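As the structure is a prediction and not an experimental result, all values here were calculated from the model. Numbering starts at 1 and runs along the sequence shown.
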Amino acid sequence: MTIENKISNGGFEINTFSPWIYSNATITSEFCHSGSFTAQLFGGSVNSYLIHFVEVNPPERFEFLVSLAKAGTNPSPPLSLSAA
């Protein structure tokens, strides 16, 4: 089975959020998992989020892989991941 990456700009390697929808976040070169850029969610009293819509048609199958990290010593805020 061949895996086709359906996420556009998944590593934010073009130093922009496009085509992602986002709030309370920035692109940074700190804390990178791989590559040169990453998205940093600020959290705090305002929700932060990243959204990317991808069309998947039956009988396609897919794998969802995400890398997350917490920076600093403060407790991690609540986190929600959704695939629908």
Worksheet item: How many angstroms lie between CZ in F31 and OG in S67, if you round to the nearest 0.5 Å?
Response: 15.5 Å
Worksheet item: Same hydrophobic cluster for L81 and I51, using side-chain heavy-atom links shorter than 4.5 Å among ILVMFWY?
Response: no
Fill in: Residue N24 excluded, over 12 heavy atoms near CG under 6.0 Å
yes
Worksheet item: OG of S23 to OH of Y49: how many Å apart, nearest 0.5 Å?
Response: 4.5 Å
Item to complete: Please indicate whether F53 has more than 12 foreign heavy atoms, meaning atoms of other residues, nucleotides or ligands, lying under 6.0 Å from its CZ.
Response: no
Discussion item. Any non-hydrogen side-chain atom of I27 less than 4.5 Å from a side-chain atom of T38?
Written reply: no
Worksheet item: Where is the tightest heavy-atom contact between S82 and S80, given as atom of each residue plus distance?
Response: OG-OG, 4.0 Å
Practice prompt. Kindly work out whether a path of hydrophobic side-chain contacts (I/L/V/M/F/W/Y, heavy atoms less than 4.5 Å apart) joins I7 to V56.
Written response: yes
Item to complete: Using a strict 4.0 Å threshold on nitrogen-to-oxygen distance, state whether K6 and E63 make a salt bridge.
Response: no
Discussion item. Tell me whether W20 shares a hydrophobic cluster with V54, the cluster being built from Ile, Leu, Val, Met, Phe, Trp, Tyr side chains joined at under 4.5 Å.
Written reply: yes
Item to complete: Please name the pair of heavy atoms, one in P19 and one in H52, separated by the smallest distance, quoted to 0.1 Å.
Response: CG-NE2, 3.6 Å
Discussion item. Could you check whether any side-chain heavy atom of E55 comes within less than 4.5 Å of a side-chain heavy atom of N57, counting everything from C-beta outward?
Written reply: yes
Practice prompt. State whether the side chain of N9 and the backbone N or O of T16 hold a donor-acceptor pair below 3.5 Å, judged by distance alone.
Written response: yes
Item to complete: Check whether more than 12 heavy atoms from other residues, nucleotides or ligands sit under 6.0 Å from atom OH of Y22, and answer yes or no.
Response: no
Practice prompt. Mind listing the closest non-hydrogen atom pair of C32 and T28 along with its distance?
Written response: SG-O, 4.2 Å
Worksheet item: Looking at OG of S76 and CG of L68, how far apart are the two atoms once the value is rounded to the nearest 0.5 Å?
Response: 9.0 Å
Worksheet entry | Side-chain heavy-atom pair L50, F17 within 4.5 angstrom cut-off | yes
Worksheet item: Is there a donor-acceptor pair closer than 3.5 Å between any side-chain N or O of E13 and the backbone N or O of G35?
Response: no
